[in-house]
> 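If you scroll down you'll find the structure; I have some questions about it.
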Amino acid sequence: NENQYLKVLCDEIFGRDNFVEEIIWAYGSPSGGRAAGAKPVNIHDYILHYARDYSSRKQNKLYTPYSEKYIKDWFKSTDKDGRKFQRRQRGKDENGKAIWEVQYLDESPGVPLTTVWTDIKQIYADPRAYKENQSEHTELIKDFNGQKPEALLKRILEMTTHEGDIVLDYHAGTGTTGAAAHKMKRQYILIEQMDYIHDLPEARLKDVIAGDQTGISKAVGWKGGGSFVYAELMPLNEKFVREIEDAKTAKEVLKIWEAIQKSGFVSYRINPKKFDENAKEFADLDLAKQKKFVLESLDANMLYVNYNDI
């Protein structure tokens, strides 16, 4: 429901002239619990495609397979070798006679990709995802909302990258982008600030290296291999954030505040001298408010070592 607002925001960030297209990912069907209400059933998401520079962008031509109905309706003929084909008129010659071309099904790339994608379903639509004895056949990671299928990332990467290109995902989540990029021989950089990074994306990439056969593995012939490097930003004020959250007494909070003044980075809005002058008022606060105050005294721009200081 926020797609229109997002488009305006992205125009400001990437430049309106660098907008390539809007893709509709129709991932589901009007069934189940979401079909119970009176509103039309929402079965799609939007993907906004921008280029850093529209005129020099990478844009690979993709095709999707013909439907069985299309093949039945158009590839009606079969040659002596059993190959299906159709005859197509390709204009007329200088004498006005029709020019006919034979198109073989096994030589045809398929239907040119459109901006409406209906052939990639949500991973939640796979019934095997909810059966313990079938879990090795699904890429679903339980207890994580919003996970995207590797097939969706595969198509995006096929559209816009080549082997060896670098892919950036600064919301790594479950690591779907990294998994797809790794299997497709792309380099990748994943960034995640949540503490599930070890349990989800890191563990998933280790499975990929070990030869994981879920997701797009069969489609790309994935057998395993490769490596990745894991690194963490060096914490500055972040270490105080963790200490404050773990503090159990007012004495501990006060000790942390003293350490912040010595080696931390205090927000420009806070005058430590004023704090000392009002130490009694601070001591009268309950523990939750003390922790809140000290947290807000930290400079949020200095949680980690900045890039220009590395």
Side-chain angles (χ1 to χ4, degrees), residues 3 7 10-11 14-30 43-122 125-126 148-167 177 180-181 183-187 215-223:
N3 184 56
K7 173 66 168 61
C10 288
D11 282 346
F14 301 109
R16 191 173 182 183
D17 292 341
N18 290 322
F19 176 69
V20 180
E21 64 215 341
E22 177 186 81
I23 294 165
I24 295 175
W25 175 36
Y27 51 72
S29 60
I43 60 169
H44 73 280
D45 275 335
Y46 296 98
I47 299 172
L48 299 181
H49 179 191
Y50 284 82
R52 183 171 61 179
D53 180 71
Y54 185 92
S55 61
S56 62
R57 74 190 188 282
K58 288 183 180 178
Q59 185 93 46
N60 302 317
K61 183 76 172 178
L62 299 185
Y63 298 85
T64 55
Y66 294 122
S67 67
E68 290 297 324
K69 184 179 185 305
Y70 184 93
I71 294 172
K72 183 179 179 180
D73 290 345
W74 293 99
F75 290 90
K76 298 179 179 180
S77 303
T78 305
D79 70 8
K80 61 181 181 179
D81 296 320
R83 299 173 66 196
K84 290 183 176 294
F85 70 90
Q86 66 169 318
R87 297 178 71 231
R88 307 189 71 166
Q89 185 175 348
R90 298 300 191 188
K92 297 181 178 180
D93 63 17
E94 62 274 12
N95 298 317
K97 293 184 177 180
I99 300 174
W100 292 92
E101 175 186 271
V102 174
Q103 179 187 359
Y104 283 96
L105 176 61
D106 58 10
E107 293 178 352
S108 302
V111 181
L113 184 67
T114 72
T115 54
V116 180
W117 298 354
T118 60
D119 58 324
I120 300 175
K121 302 305 178 184
Q122 280 187 320
D126 185 348
K148 304 298 184 292
E150 289 182 14
L152 180 65
L153 274 298
K154 175 178 180 286
R155 177 163 294 170
I156 293 171
L157 296 181
E158 285 176 331
M159 279 177 53
T160 58
T161 68
H162 300 138
E163 283 190 14
D165 284 351
I166 299 175
V167 178
T177 300
K183 294 175 183 179
M184 295 174 68
K185 300 179 182 179
R186 270 68 168 170
Q187 302 178 78
I216 64 171
S217 292
K218 289 181 175 61
V220 301
W222 179 248
K223 302 299 182 184

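The chain is numbered in sequence order, starting from 1.
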> Only pairs at least two apart or in different chains count here, so list each salt bridge (Lys or Arg N to Asp or Glu O under 4.0 Å) that has a residue in residues 48-67.
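Matches after skipping sequence neighbours: Lys58-Asp165.
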> Atom NZ of Lys223 and atom OG of Ser217: how far apart are they, to the nearest 0.5 Å?
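So the NZ of Lys223 and the OG of Ser217 are separated by 9.0 Å.
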> Can you confirm whether Glu68 is buried at CD, in the sense that more than 12 heavy atoms of other residues, nucleotides or ligands lie under 6.0 Å from that atom?
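No, not enclosed.
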> What are the two closest non-hydrogen atoms of Phe75 and Ser108, and how far apart are they?
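Taking Phe75 first and Ser108 second, the nearest heavy atoms are CZ-OG, 3.9 Å.
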> Does a salt bridge link Glu150 with Lys183, judged by any charged N lying under 4.0 Å from a carboxylate O?
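Here Glu150 pairs with Lys183 in a salt bridge, since their nearest N and O are under 4.0 Å apart.
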> When you check the gap from the basic side-chain N to the acidic O, do Lys148 and Asp45 get nearer than 4.0 Å?
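Result for this pair is no, no salt bridge flagged.
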> State, with a plain yes or no, whether a side-chain heavy atom of Val220 is found less than 4.5 Å away from one of Lys185.
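Sidechains of Lys185 and Val220: no contact.
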> Partners of Arg90 by salt bridge (charged side-chain N to carboxylate O under 4.0 Å, His left out), sequence neighbours excluded?
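Arg90 satisfies salt bridge (charged side-chain N to carboxylate O under 4.0 Å, His left out) with Glu101 only.
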> If you compare all heavy atoms of Tyr66 against all heavy atoms of Gln103, which two are closest, and at what distance to 0.1 Å?
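Nearest heavy atoms, Tyr66 then Gln103: OH-NE2, 3.4 Å.
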> Please name the pair of heavy atoms, one in Glu22 and one in Thr115, separated by the smallest distance, quoted to 0.1 Å.
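In terms of heavy atoms, the two residues are closest at O-CB, 3.6 Å.
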> Please enumerate all residues that pass ring pair (Phe, Tyr, Trp, His ring centres under 6.0 Å) together with Trp117, with sequence neighbours excluded.
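Here no residue qualifies.
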> With rounding to the nearest 0.5 Å, note down the distance linking NZ in Lys154 to CD1 in Ile120.
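Taking NZ in Lys154 and CD1 in Ile120, the distance rounds to 8.5 Å.
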> Counting distance only, does the side-chain N/O of Asp93 pair as donor-acceptor with the main-chain N or O of Asn95 below 3.5 Å?
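Between the backbone of Asn95 and the side chain of Asp93 there is a qualifying donor-acceptor contact (under 3.5 Å).
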> As an exercise, state the distance from SG of Cys10 to NE2 of His49, rounded to the nearest 0.5 Å.
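It is 12.0 Å, given to the nearest 0.5 Å.
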> Would you say the side chain of Lys97 lies within less than 4.5 Å of the side chain of Lys92, judging by non-hydrogen atoms?
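Not touching, per the 4.5 Å side-chain cut-off.
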> Atom CG of Leu62 and atom CD1 of Ile156: how far apart are they, to the nearest 0.5 Å?
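Separation between the atoms: 11.0 Å.
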> Would you name the heavy atoms of Pro149 and Trp25 that are closest together and state the gap between them?
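Result for this residue pair: CD-CH2, 3.7 Å.
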> Quick check for you: to the nearest 0.5 Å, what is the distance between Tyr46 atom OH and Ile24 atom CD1?
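With rounding to 0.5 Å, OH (Tyr46) is 5.5 Å from CD1 (Ile24).
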> I would like to know whether Tyr50 and Lys7 meet side chain to side chain contact (heavy atoms under 4.5 Å, CB included); could you show each step before the answer?
CA-CA 10 Å; Tyr50 284 82; Lys7 173 66 168 61; 3.2 Å; yes
> Would you name the heavy atoms of Thr118 and Lys121 that are closest together and state the gap between them?
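Shortest heavy-atom contact: O-NZ, 3.0 Å.
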> Determine whether Lys84 and Thr78 satisfy the following criterion, side chain to side chain contact (heavy atoms under 4.5 Å, CB included), listing intermediate values before the conclusion.
CA-CA 4 Å; Lys84 290 183 176 294; Thr78 305; 4.2 Å; yes
> Taking all non-hydrogen atoms of both residues, which atom of Ala180 and which atom of Leu153 are closest, and how far apart?
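Heavy atoms only, the tightest pair is CB-CB, 3.9 Å.
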> Kindly compute the distance separating CG (Leu152) from CD (Gln122), expressed to the nearest 0.5 Å.
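Interatomic distance, Leu152 CG to Gln122 CD, rounded to 0.5 Å: 10.5 Å.
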> Judged by atom type as modelled, is there a donor-acceptor pair below 3.5 Å linking the side chain of Arg83 to the main-chain atoms of Tyr104?
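Answer holds: no.
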> Any heavy-atom pair between the side chains of Arg155 and Leu113 that's under 4.5 Å?
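The answer is yes; the side chains approach within 4.5 Å.
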> For Asp73, does the CG atom sit with more than 12 other heavy atoms under 6.0 Å from it, leaving out its own atoms?
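Buried by this count: over 12 neighbours within 6.0 Å.
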> Side chains of Phe85 and Val102: closer than 4.5 Å at any heavy-atom pair?
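A side-chain contact exists here, since the closest heavy-atom pair is under 4.5 Å.
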